[in-house]
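Before any comments, here is the structure.
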Amino acid sequence: MGLCFWVFVFSYSFSTVNADTAGGGANVEGTVFIDGKAHIGKIDNDFVCATLDWWPPEKCDYGTCSWGHASLLNLDLNNKILLNAIKAFTPLKLRLGGTLQDKVIYDTEDHRLPCTHFVQNTSQLFGFTQGCLPLYRWDELNTFFKNSGAVIIFGLNALSGRSIRPDGSAVGAWDSSNAESLIRYTVKKGYDISAWELGNELSGNGVGTRVAANQYASDTISLRNLVQDIYSGVEPKPQIIAPGGFFDQNWFKEFLDKTTKSLDVITHHIYNLGPGVDTHLIEKILDPSYLDGEANTFSRLQSTINSSASSATSWVGEAGGAYNSGRNLVTNAFVFSFWYLDQLGMASAYDTKTYCRQTLIGGNYGLLNTNTFVPNPDYYSALLWHRLMGRNVLSTSFSGPKKIRAYAHCAKQSQGITLLLINLDNSTTVEAKVAFNGTSTLQHKHKLHRLHRLHKYRHRHRIHRTKVIWFEGSKTSEMEREEYHLTAKDGNLHSQTMLLNGNILTVNASGDIPPLEPLNVNSSSPITIAPFSIVFVHMPSVVLPACR
């Protein structure tokens, strides 16, 4: 009858993961506390999102040119690994956009000039001349998207029609004519676009240039009216998304207040680790207090949305961690999964609906290798999250070593819950038990009579809020859970090879994504989190009110 109590569950130890890394280190205990009474956030079913950008091969940072042929204009759409990598998510959201989207024109009927490529020119805004999207390429892209099952968000050029003043501000109303022509062509061809996003990094102080919030709001309303007209009779209509920029509380507040009926999603970008040239990126990634700093942005944005009259939800529209293309062997290596998965967990806890990683491919922060298309470690981290972490987010805390990061969701497409545990320490192995605050049951498909006895025991003894129930091995020994332990090859944080339960993850000769098989283990002992490791734990036997 709604009685609440703490339930402590011991969990099986996985002692063989990365034993060399743990050699000589200390073993300490800790407890994951999960409040199971109600969820604190709800993510989209396709929460995991990745970006495709416009940067040509000539885009270089700090003397390194890391983009190759990863642009929307030249990406090899016939690559089997690329197709399989997207199909594995069923579906994967793809956000098409980035800095140069505000210099892209579309080769539609209204466009009279030659359709030319981007040309590097340091005197131009963003370092390149205007570029063009040919319609034949738009056709090719949409055929590929349909075959892959991707969900598409397209970023429109928001600088069209504006002039840029010496102070860096972009003034004048948005000229929507070219965008309108592209949208009409898209609808005529039957291409499925989930959302249209207006602009990239023009909010607040902007990057390169900026647009005032009141003008941006007016332009967003124009986009909404345009989409409503073009998609008349079509349901569901694409979402309207903006501004795709860095969070500035005053700017975002004004923008939300003036788009209350026109905006579906407000997007912000995250590059909280600083420039890719920074030699201290790994120190930041492994510092819990540094990681915690981004919670302030999520919290203030959530508060800004909740205090407005807008019904818009929040997305992270682009996040590469380290700006200017990231850093080789850091943002495309095993160590970056610590940052990335922590970001996914943190964003979810603040009711962020979707999180778009910069990039799917391209730069030094791609989920796929820019040249070979082979998945980098973060690809597998993203895929495990997508398959295991359900929509309902649970309030989670950890008591024990400070370098353990803990998150929990209701399980995805199955009963129970899934934990995400991250160990940022290089020598400490943590033995973690799990405690639940809230009415909870443990289930086992072969031992339902034990559930019945447990149910009678609870009612007979009138368990109160402060009662602690220990489920000892004799009652749960035949219950199992699934564990996915992620470690770096040879314990090297710079490795671009990830191990799952001690086995190398890699595509086969046909370009197939490997199966992500768990360990099926007994639920009677603590979860072991090895040094510098990540663990997903699916506990199907735990049923919480928040997950019903």
Side-chain angles (χ1 to χ4, degrees), residues 52-56 71-74 94-119 121 124-126 128-142 145 152-164 170-203 206 208-212 215-232 234 237-245 262-263 267 317:
L52 288 172
D53 214 311
W54 295 98
W55 290 119
S71 165
L72 284 160
L73 296 173
N74 57 33
L94 289 178
R95 181 244 185 186
L96 316 184
T99 300
L100 292 185
Q101 81 178 53
D102 290 313
K103 301 199 76 169
V104 176
I105 55 174
Y106 320 117
D107 191 26
T108 52
E109 294 177 355
D110 71 300
H111 178 59
R112 301 284 189 265
L113 300 175
C115 190
T116 57
H117 296 298
F118 292 108
V119 176
N121 186 331
Q124 295 276 320
L125 180 65
F126 308 133
F128 285 86
T129 63
Q130 181 176 268
C132 178
L133 172 64
L135 286 186
Y136 75 83
R137 182 61 176 180
W138 186 229
D139 295 337
E140 291 173 351
L141 285 165
N142 278 281
F145 297 147
I152 303 303
I153 298 95
F154 187 87
L156 294 164
N157 179 346
L159 288 181
S160 180
R162 306 189 205 273
S163 59
I164 300 177
V171 298
W174 175 53
D175 181 352
S176 63
S177 57
N178 193 217
E180 177 180 356
S181 187
L182 177 68
I183 296 172
R184 289 193 183 279
Y185 178 84
T186 299
V187 173
K188 177 183 176 181
K189 297 287 285 188
Y191 299 149
D192 188 8
I193 304 299
S194 176
W196 296 97
E197 184 177 29
L198 184 62
N200 181 82
E201 296 179 356
L202 303 175
S203 59
T209 186
R210 63 188 183 276
V211 178
Q215 181 61 62
Y216 217 112
S218 176
D219 300 330
T220 302
I221 293 169
S222 296
L223 175 58
R224 162 70 77 179
N225 294 337
L226 196 64
V227 168
Q228 290 291 318
D229 175 54
I230 297 174
Y231 285 86
S232 177
V234 178
K237 291 178 174 58
Q239 291 183 301
I240 303 301
I241 298 179
S262 301
L263 186 69
T267 47

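Please read all numbers here as calculations on a predicted model, not as lab measurements.
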| field | H111, NE2 atom: more than 12 neighbouring heavy atoms under 6.0 Å | value | yes
Rounded to the nearest 0.5 angstrom, the CD-CZ distance for Q239 and R224 is 8.5 Å
Taken in chain and number order and not counting sequence neighbours, the residues that satisfy side-chain contact (heavy atoms from CB on, under 4.5 Å) with V171 are S163, R165, S169
Heavy-atom nearest pair, I183 first then L156, reads CD1-CD1, 4.3 Å
Worksheet item: Within the distance-only criterion (no hydrogens, no angle test), does the side chain of S160 pair as donor or acceptor with the backbone N or O of D175 below 3.5 angstrom?
Response: yes
Worksheet entry | Side chains of C115 and L135 in contact at under 4.5 Å (non-hydrogen atoms) | no
request  = Measure the shortest side-chain to side-chain distance between W55 and F128 over non-hydrogen atoms and say whether it is less than 4.5 angstrom.
outcome  = yes
Checklist entry - Does the side chain of V227 come within less than 4.5 Å of L223's, by heavy atoms? => result yes
Across all chains, not counting sequence neighbours, the salt bridge (charged side-chain N to carboxylate O under 4.0 Å, His left out) partners of D229 are R184
Donor-acceptor under 3.5 Å (T129 side chain, V119 main chain): yes
d(L226 CG, S177 OG) to nearest 0.5 Å is 10.0 Å
message: Would the distance check show the side chain of S222 and the main-chain N or O of S218 forming a donor-acceptor pair, the cut-off being under 3.5 Å?
response: yes
Those residues at least two apart in sequence (or on a different chain) that pass side-chain contact (heavy atoms from CB on, under 4.5 Å) with Q101 are W54, R95, N200
To the nearest 0.5 Å, atom OG1 of T108 lies from atom CG of L182 at 6.5 Å
Result for side-chain contact (heavy atoms from CB on, under 4.5 Å) between C132 and one of V104, I105, L73 points to I105
Are the side chain of D219 and the backbone N or O of W174 linked by a donor-acceptor pair below 3.5 Å?
yes
Here the salt bridge (Lys or Arg N to Asp or Glu O under 4.0 Å) pairs for residues 98-109, sequence neighbours left out, are none
Between the CG atom in N157 and the CZ atom in R162, the distance rounded to the nearest 0.5 Å is 9.0 Å
Taking every heavy atom of I164 against every heavy atom of L125, the minimum-distance pair comes out as CD1-CD2, 3.6 Å
Residues D53 and G98: closest non-hydrogen pair is OD1-CA, 3.6 Å
To the nearest 0.5 Å, atom CG of L263 lies from atom CD1 of I240 at 8.5 Å
Contacts of K189 meeting salt bridge (charged side-chain N to carboxylate O under 4.0 Å, His left out) (sequence neighbours excluded), chain-then-number -> none
Taking every heavy atom of P243 against every heavy atom of T267, the minimum-distance pair comes out as CD-O, 3.4 Å
In terms of heavy-atom contacts, F118 and G131 come closest through CE2-N, 3.2 Å
Here the pair of heavy atoms bringing A195 nearest to I241 is CB-CD1, 3.3 Å
message: Counting only heavy atoms from other residues, nucleotides and ligands, does the tally under 6.0 Å from CG of D192 exceed 12?
response: no
Rounded to the nearest 0.5 angstrom, the CG-CZ distance for N142 and R137 is 11.0 Å
Notebook entry, point to check: Are Y106 and W138 close enough, and set up right, to give a side-chain contact (heavy atoms from CB on, under 4.5 Å), and what steps lead you there?
Noted result: CA-CA 9 Å; Y106 320 117; W138 186 229; over 6 Å; no
By ring-ring contact (aromatic ring centres under 6.0 Å, His included), W196 pairs with (sequence neighbours left out) F154
